[in-house]
Amino acid sequence: QVQLVESGGGVVQAGASLRLSCAASGLTFSFYTMGWFRQAPGKEREFVATISWSGDNTYYADSAKGRFTISRDNAKKAVYLQMNSLKPEDTAVYYCAAARTTGWATRLDEYDYWGQGTQVTVSS
């Protein structure tokens with residue numbers, strides 16, 4: 001049974017930092033490209049960041065570049081999203097996802113498994 005569980009969300013002030021975690025089980029974690037997506041109220045789910053099997057290749061949405069960092073620990077079967085300099089427009093439910101894809105993946109339909117999401121709220 002494949003399961004992805006996010007944690008680390010919360011309510012913070014603009015300019016603060018948060019570190020999101022995603023714990024995986026039921027899959028050979030190191031075989032999967034991992035990604036983070038977010039969905040704000042009334043909007044479609046959008047790509048945030050992705051990281052390859054080895055962790056050597058990462059890619060970010062323009063909104064995340066310079067502020068967010070994706071990383072993974074295959075031994076712990078976990079992926080992380082370090083978010084710095086948070087802005088109110090970062091407010092959304094953040095989801096981690098796993099894709100059996102080479103390199104990175106930015107499209108929703110590339111991903112096979114999804115977590116339940118964790119809420120991030122940034123106040124002005």
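When reading the values below, keep in mind they use all heavy atoms of this one structure, side chains included, and skip hydrogens, waters and symmetry mates.
Residues satisfying the salt bridge (Lys or Arg N to Asp or Glu O under 4.0 Å) test with Asp56, not counting sequence neighbours, are none. For Tyr113, there are no ring pair (Phe, Tyr, Trp, His ring centres under 6.0 Å) partners two or more places apart in sequence or in a different chain. Under the salt bridge (Lys or Arg N to Asp or Glu O under 4.0 Å) criterion, Glu89 pairs with no residue, sequence neighbours left out. Residues meeting the side-chain contact (heavy atoms from CB on, under 4.5 Å) test with Lys43, sequence neighbours left out: Ala40. In terms of the side-chain hydrogen bond (donor to acceptor under 3.5 Å, both in side chains) criterion, Tyr80 has no residue partners (sequence neighbours excluded). Under the rule for a side-chain hydrogen bond (donor to acceptor under 3.5 Å, both in side chains), the partners of Thr121 that lie at least two apart in sequence or sit in another chain are Gln119. Considering only residues two or more places apart in sequence or on other chains, Thr102 meets the side-chain contact (heavy atoms from CB on, under 4.5 Å) condition with none of them. In this structure, the side-chain hydrogen bond (donor to acceptor under 3.5 Å, both in side chains) partners of Gln116, at least two apart in sequence or on a different chain, are Glu6. Qualifying side-chain hydrogen bond (donor to acceptor under 3.5 Å, both in side chains) partners for Asn74, counting only residues two or more places apart in sequence or in other chains: Arg72.
Each disulfide bond (SG atoms under 2.5 Å apart) pair with one or both residues in residues 40-88, not counting sequence neighbours, would appear here, but there are none. The ring pair (Phe, Tyr, Trp, His ring centres under 6.0 Å) pairs that include a residue from residues 83-107 are Tyr59-Trp104, where partners are two or more places apart or lie in different chains.
In this structure, Arg38 and Asp90 have side chains that are in contact, with non-hydrogen atoms separated by less than 4.5 Å. Side-chain atoms of Met83 and Arg67, non-hydrogen and from C-beta on, never get closer than 4.5 Å to each other.
The aromatic ring centres of Phe68 and Trp36 sit 6.0 Å or more apart. Between Phe47 and Tyr60, the distance from one ring center to the other does not fall under 6.0 angstrom.
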Distance-only check: which donor-acceptor pairs under 3.5 Å involve side-chain atoms of residues 7-33, not counting sequence neighbours?
unit_1 : atom_1 : unit_2 : atom_2 : d
Ser17  : OG     : Asn84  : OD1    : 2.9
Thr33  : OG1    : Thr101 : O      : 2.7
Thr33  : OG1    : Gly103 : O      : 2.5

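In summary, Lys65 and Asp62 engage in a salt bridge, as defined by a charged side-chain N under 4.0 Å from a carboxylate O.
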